[in-house]
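What follows is one structure encoded as structure tokens, with my remarks underneath.
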Amino acid sequence: MRQLIESVFVRHLGNPWLAPLADAAVLPDAPEDDQELVFTSDGVTVQPLFFAGGDIGSLAVHGTVNDLAVAGAMPRYLSLNAFLEEGLPLEQLERIVKSLAAAARACDVQVVAGDTKVLPRGLCGGAYFGVSGIGLRPRGLVLGADGIRPGDAVLVSGPVGDHGIAVMLAREEFGLSGSLASDSGSVVPLTQALLDLTGLRFMRDPTRGGLATVLHEVIHATGQGVTLEEERLPIRGSVRSACDMLGYDPLYIACEGRVVAIVAEDQADEALRRWQSLPQGREAQRIGTLDPHHDRLLLVNEWGGERLLQELEDDPLPRIC
């Protein structure tokens with residue numbers, strides 16, 4: 001996906017504000033002198049439409065809100081494009097839109113524009129949504145891979161892999177069942193809690209491709225390696241069990257309510273304390289370090305053994321977000 005974006009879309013569409021590997025772009029001419037305008041766009045194609053912990057409606061809001069949040073913005077407005085398959089039951093659509101509206105209210109954002117298209121049977125599994133979002137962030141805030149330094153700490157705000165495995169269980173493709181729920185939710189409280197830390201370098205929500213894919217993007221951007229400590233990784237037992245049975249690695253499975261943050265070493269404890277004081281961040285952990293001595297993603301176990309985590313070449317669980 002990264003190669004496709006760089007070789008086709010960026011080559012033809014490149015401009016000063018296009019941020020192809022970031023979650024959102026900072027635009028000029030914000031309405032207030034002390035604020036910057038932040039814009040993002042997202043597509044939601046999850047299948048099935050309903051799963052434990054959410055549905056395509058709430059996911060459409062959370063995904064867009066979270067892309068703005070990890071860019072340091074406070075989300076304000078959304079637009080919604082709905083692509084509906086012919087024959088989608090009206091009661092299902094009502095349930096989806098009701099959930100979407102509830103998620104928007106909970107995130108304190110408003111859906112102010114949109115469009116609707118009906119597609120022939122068999123083209124989209126019921127519904128697709130395209131969502132764009134606008135938010136405001138403090139002017140002068142600098143977040144991105146350019147600021148990352150050797151020795152910086154890698155933090156994650158909670159257990160990884162919950163969303164992808166919850167969606168997989170909802171599909172019942174493997175005859176499995178369980179009580180695990182998606183982590184789909186707003187990360188705004190988590191991101192806002194760190195914005196005044198001078199050592200905050202980078203934030204990202206680990207959606208498609210999971211935690212490992214976010215860290216590979218960091219490695220590509222900085223030329224530095226990342227060393228993860230296996231015993232510190234927050235992964236639920238149910239997620240590990242499902243992944244072990246099916247041959248997946250939870251580090252590559254999508255989350256929809258988590259944040260990966262890179263923070264200066266001397267502020268990592270404070271960042272972790274702030275996260276763990278929030279309901280959304282009680283299980284946050286410091287999981288690794290930026291290492292200038294290599295350019296790989298290494299997982300180190302408690303006995304000092306190392307495992308190389310390769311860059312993902314395909315999507316192990318397609319249509320989960």
Side-chain angles (χ1 to χ4, degrees), residues 19 22-27 30-42 54 58-78 102-111 131-145 147-148 152-160 163 183-207 211 214 218 234 255-264 266-287:
D23 288 299
V26 179
L27 302 179
E32 302 174 30
D33 289 341
D34 61 343
Q35 298 284 297
E36 294 176 320
L37 196 63
V38 183
F39 180 76
T40 192
S41 188
D42 197 12
S58 59
L59 186 62
V61 172
H62 294 148
T64 308
V65 162
N66 291 349
D67 283 348
L68 292 169
V70 295
M74 182 63 72
R76 301 282 287 273
Y77 303 106
L78 304 180
R105 287 193 297 271
C107 294
D108 198 22
V109 295
Q110 298 181 49
V111 178
V131 188
S132 295
I134 292 175
L136 293 171
R137 77 175 192 179
R139 186 174 297 280
L141 179 65
V142 178
L143 291 176
I148 294 173
D152 284 350
V154 181
L155 282 65
V156 66
S157 64
V160 298
H163 174 72
D183 58 11
S184 180
S186 170
V187 301
V188 170
L190 294 164
T191 57
Q192 291 291 309
L194 302 187
L195 289 189
D196 67 337
L197 292 178
T198 58
L200 177 64
R201 318 286 202 203
F202 173 94
M203 291 190 292
R204 182 67 57 85
D205 54 334
T207 53
L211 173 65
V214 170
V218 170
C255 308
E256 286 292 343
R258 306 292 184 230
V259 180
V260 177
I262 296 179
V263 183
D266 61 354
Q267 294 188 1
D269 288 344
E270 173 61 17
L272 190 61
R273 184 195 66 76
R274 293 185 184 190
W275 272 2
Q276 291 178 342
S277 69
L278 298 171
Q280 301 91 335
R282 287 173 182 158
E283 298 177 86
Q285 290 289 336
R286 174 178 175 170
I287 59 171

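In this chain, numbering begins with 1 at the start of the sequence shown.
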Quick one: closest heavy-atom pair of [X] and [Y], and the distance?
X	Y	answer
Met203	Leu143	CE-CD1, 3.8 Å
Val188	Ala69	CG2-CB, 3.8 Å
Val214	Pro206	CG2-CA, 3.7 Å
Gly72	Leu141	CA-CD2, 3.9 Å
Leu197	Ala271	CD1-CB, 3.8 Å

What's the separation between atom [atom1] in [X] and atom [atom2] in [Y], rounded to the nearest 0.5 Å?
X	Y	atom1	atom2	result
Asp67	His62	CG	NE2	13.0 Å
Leu59	Ser184	CG	OG	5.0 Å
Leu190	Leu155	CG	CG	11.0 Å
Arg137	Met74	CZ	CE	13.5 Å

Could you check whether any side-chain heavy atom of [X] comes within less than 4.5 Å of a side-chain heavy atom of [Y], counting everything from C-beta outward?
X	Y	answer
Glu256	Thr207	yes
Thr64	Pro75	no
Val156	Pro234	yes
Val61	Val131	no
Leu136	Leu37	yes
Leu211	Ile287	yes

I'd like to know if the side chain of [X] reaches the main chain of [Y], judged simply by a donor and an acceptor atom lying under 3.5 Å from each other, with no hydrogens or angles considered.
X	Y	answer
Asn66	Val187	yes
Gln276	Ala284	yes
Arg258	Pro159	yes

What salt bridge (charged side-chain N to carboxylate O under 4.0 Å, His left out) pairs are there with at least one residue in residues 190-200, not counting sequence neighbours?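 Counting only pairs at least two positions apart or across chains, the salt bridge (charged side-chain N to carboxylate O under 4.0 Å, His left out) contacts touching residues 190-200 are Asp196-Arg274.
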Could you verify whether a donor N or O on one side chain and an acceptor N or O on the other, from Gln280 and Ser157, lie under 3.5 Å apart?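 Checked: Gln280/Ser157 side chains show no N/O donor-acceptor pair below 3.5 Å.
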Identify, with sequence neighbours excluded, every residue that meets salt bridge (charged side-chain N to carboxylate O under 4.0 Å, His left out) alongside Arg282.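 Expected list: none.
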Run the salt bridge (charged side-chain N to carboxylate O under 4.0 Å, His left out) test against Asp42 and tell me which residues pass, sequence neighbours left out.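 Counting only residues at least two positions away or on another chain, Asp42 forms no salt bridge (charged side-chain N to carboxylate O under 4.0 Å, His left out).
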Under the side-chain contact (heavy atoms from CB on, under 4.5 Å) rule, what do Gln267 and Leu194 come out as? Steps first, then yes or no, please. CA-CA 10 Å; Gln267 294 188 1; Leu194 302 187; over 6 Å; no
What pairs of residues pass the side chain to side chain donor-acceptor pair (under 3.5 Å) test when at least one of them lies in residues 186-195, not counting sequence neighbours?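 Listed by first then second residue: nothing to list.
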Mind checking what makes side-chain contact (heavy atoms from CB on, under 4.5 Å) contact with Ile148, not counting sequence neighbours?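 If we apply the side-chain contact (heavy atoms from CB on, under 4.5 Å) test to Ile148, skipping adjacent residues, the hits are Ala145, Asp152, Arg201, Phe202, Val218, Thr222, Gln224, Ile262, Leu290.
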Only counting residues at least two apart or in another chain, list the ones meeting ring pair (Phe, Tyr, Trp, His ring centres under 6.0 Å) with His163.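 His163 satisfies ring pair (Phe, Tyr, Trp, His ring centres under 6.0 Å) with Phe51 once adjacent residues are dropped.
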